[in-house]
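Have a look at the structure below before the remarks.
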Number of protein chains: 2
Amino acid sequence: MGRWEPDAQGRLARAALELYAEQGYEQTTVQDIAERAGVTERTFFRYFADKREVLFDGAHTLERLAVAGVAAAPPGAGPLEAAGAGVVRGCDALADRFQHARTRAGVVAANPGLQERELLKMAALGRAVAAALRDRGTPEPAAALAAEAAVAAFRVGFEAWVAGDGRRGLDDHVRAALAELRALAGG
Amino acid sequence: MGRWEPDAQGRLARAALELYAEQGYEQTTVQDIAERAGVTERTFFRYFADKREVLFDGAHTLERLAVAGVAAAPPGAGPLEAAGAGVVRGCDALADRFQHARTRAGVVAANPGLQERELLKMAALGRAVAAALRDRGTPEPAAALAAEAAVAAFRVGFEAWVAGDGRRGLDDHVRAALAELRALAGG
DNA sequence: GTCTATAGGGCGATAGAC
DNA sequence: GTCTATCGCCCTATAGAC
């Protein structure tokens with residue numbers, strides 16, 4: 001057994017979500033989080049760049065899956081179709097964590113600073129999807145626009161998912177939003 | 001003549017943009033800005049909620065114009081068409097300030113914290129446009145999706161505008177992005 | 001206007017694993 | 001010995017409270 005309990009990062013992330021949900025983001029200090037996780041304040045900043053970032057360490061998985069989903073889309077698929085396949089694939093990153101996603105969404109919705117960070121992650125997702133589209137031959141500005149539109153559908157689908165009871169899957173909601181988007185531009 | 005120079009807010013905003021461009025956002029302290037504007041630090045926070053907000057005081061004008069543009073769209077226009085008319089109208093808020101917009105865009109592009117704030121303003125624009133669409137009868141989720149798509153086109157158009165030499169107007173770039181978006185979903 | 005708590009970065013010390 | 005995780009203490013600027 002080592003000198004320290006293992007998985008300090010995981011304990012910090014869990015402690016932070018709990019405290020943000022219990023007493024609010026602004027009312028929670030980094031020291032509160034560190035104490036609950038059994039480490040010092042300094043260790044928190046070793047794992048997370050700032051107090052917001054602790055809620056967003058899963059963003060990279062979502063991005064990676066979405067990029068893979070775009071790459072795996074059939075060669076004949078158009079840009080919007082491929083981008084849609086990407087964000088639908090990304091749903092796998094969250095699908096089995098409905099309760100966690102819902103709690104987290106509530107915390108984020110209650111604080112503009114956290115919304116900013118979420119938007120930054122969604123923008124990064126959009127850029128990653130756009131790059132994946134360019135890799136399969138989609139030129140700009142079509143790649144950026146298709147990616148942004150697909151991410152918008154993902155966001156709308158995600159909101160519907162956490163607003164519901166979780167019986168309908170996230171991917172189902174996102175697919176519905178994508179269909180609606182096609183209808184809008186086509187009609 | 002009063003006891004203080006007039007337009008402290010304007011001087012602060014100008015001083016901030018200059019300093020952020022000259023020496024970087026992070027290297028600039030609020031005190032630097034206040035000194036150049038000839039006021040105290042305390043006065044800065046009287047006008048701006050935080051160090052980022054000083055770059056975004058024009059956002060409300062853009063939002064107001066966009067909402068008016070949606071409301072003024074012909075009754076027969078579809079959701080995406082009306083949302084597009086909104087963001088095209090919003091271009092009037094920036095059209096005659098190309099140099100200012102370009103400098104500001106460079107500063108924002110160099111700092112993730114400022115990008116976050118910009119994304120928050122774009123999200124607010126999207127919500128305002130969506131609300132204007134609902135006011136003219138568009139149901140959800142079509143209103144949210146059309147608004148997000150139009151704002152994405154605005155952003156793409158804006159980026160092309162500041163990347164260019166300014167001879168083509170912002171509205172022209174945004175209209176082109178909207179056309180591309182329609183083509184994407186329609187094809 | 002002054003006073004203060006918190007965020008967040010820099011740097012070196014320490015204690016184990018290997 | 002090296003490497004890595006953690007701590008401790010110092011510091012400044014932000015931003016809110018009084």
Side-chain angles (χ1 to χ4, degrees), chain A residues 1-57 59 107-108 110-121, chain B residues 2-5 8-9 11-57 59 107-108 110-121:
Chain A
M1 201 177 122
R3 185 149 83 122
W4 300 283
E5 293 297 315
D7 194 25
Q9 181 168 3
R11 275 180 292 134
L12 282 164
R14 281 187 293 277
L17 179 59
E18 286 167 20
L19 286 164
Y20 292 170
E22 284 169 21
Q23 53 183 1
Y25 170 77
E26 302 203 340
Q27 285 65 46
T28 303
T29 69
V30 172
Q31 185 160 17
D32 293 339
I33 301 167
E35 266 173 25
R36 184 171 290 200
V39 297
T40 68
E41 211 174 318
R42 205 63 198 79
T43 299
F44 178 93
F45 288 110
R46 188 167 300 283
Y47 286 106
F48 304 103
D50 59 46
K51 200 182 147 188
R52 301 174 183 179
E53 196 66 18
V54 67
L55 285 183
F56 296 91
D57 55 348
V107 169
V108 172
N111 186 277
L114 293 173
Q115 289 163 46
E116 282 187 339
R117 184 57 52 87
E118 181 127 289
L119 290 164
L120 193 69
K121 298 299 179 184
Chain B
R3 187 137 78 110
W4 299 282
E5 293 297 314
Q9 182 168 1
R11 274 179 294 136
L12 282 164
R14 280 187 294 276
L17 179 59
E18 286 168 20
L19 286 164
Y20 292 170
E22 285 169 20
Q23 53 182 352
Y25 170 77
E26 301 201 340
Q27 285 64 46
T28 303
T29 69
V30 172
Q31 186 160 18
D32 294 338
I33 301 168
E35 266 173 25
R36 184 171 290 201
V39 299
T40 68
E41 213 173 315
R42 190 67 184 74
T43 301
F44 178 93
F45 287 109
R46 195 173 289 287
Y47 287 107
F48 304 102
D50 59 47
K51 199 183 150 187
R52 301 173 182 180
E53 197 66 19
V54 68
L55 285 183
F56 296 91
D57 56 346
V107 169
V108 171
N111 186 277
L114 293 172
Q115 289 164 46
E116 283 187 339
R117 185 56 52 86
E118 181 128 289
L119 290 164
L120 193 69
K121 298 298 180 184

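Residue numbers start from 1 in every chain, and the chains themselves are labelled A, B, ... in the order their sequence lines are given, proteins ahead of strands.
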Item checked: Pair of N/O donor and acceptor under 3.5 Å linking C:dG10 base with A:R42 side chain ->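 Donor-acceptor pair under 3.5 Å: yes.
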Pick base, sugar-phosphate or nothing for [X], based on heavy-atom distances below 4.0 Å to the nucleic acid.
X	result
A:Q31	nothing
B:F44	nothing
B:T28	sugar-phosphate

Notebook entry, point to check: Between NZ of B:K51 and OG1 of B:T29, what distance do you get to the nearest 0.5 Å?
Noted result: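 So the gap between those two atoms works out to 7.0 Å.
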Notebook entry, point to check: Over its full length, what angle do the end axes of the helix from C:dG1-D:dC18 to C:dC18-D:dG1 make, each axis taken from five pairs and the result rounded to 10 degrees?
Noted result: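 About 10°, once rounded to a multiple of 10°.
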Next item on the list: Round to the nearest Å and state the distance from A:F48 atom CZ to C:dA7 atom C1'.
Entry: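 To the nearest whole Å, that distance equals 16 Å.
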Candidates [options] - which lies nearest the side chain of [X]:
X	options	answer
B:E41	D:dT14, D:dT6, C:dG8	D:dT14
A:K51	C:dG12, C:dA7, C:dA15	C:dA7
A:W4	C:dT6, C:dA15, C:dG12	C:dA15
A:F45	D:dC7, D:dT14, C:dG8	C:dG8

Next item on the list: Using only side-chain N and O atoms of A:Y47, determine if any of them is under 4.0 Å from OP1 or OP2 of D:dT6.
Entry: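 Yes.
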Next item on the list: State whether A:T43 places a side-chain N or O below 4.0 Å from either non-bridging phosphate oxygen (OP1 or OP2) of D:dC7.
Entry: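 Yes, A:T43 has a side-chain N/O under 4.0 Å of OP1/OP2 on D:dC7.
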Checklist line | Ionic contact status for A:R11 with A:E5, cut-off 4.0 Å | finding: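 No, no charged N to carboxylate O under 4.0 Å.
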Note to self: Assess whether a salt bridge exists between A:K121 and A:E53, defined as any Lys/Arg side-chain N lying under 4.0 Å from an Asp/Glu carboxylate O.
What the structure shows: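 A salt bridge is present here (some side-chain N lies under 4.0 Å from a carboxylate O).
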Check: Does the side chain of A:V54 come within less than 4.5 Å of A:Y20's, by heavy atoms?
Finding: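 A:Y20 reaches A:V54 side chain to side chain.
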Check: With nearest nucleotides of DNA chain C determined for A:T29 and A:R46 from heavy-atom distances, which residue corresponds to the more 5′ nucleotide?
Finding: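 On the 5' side of the pair lies A:T29.
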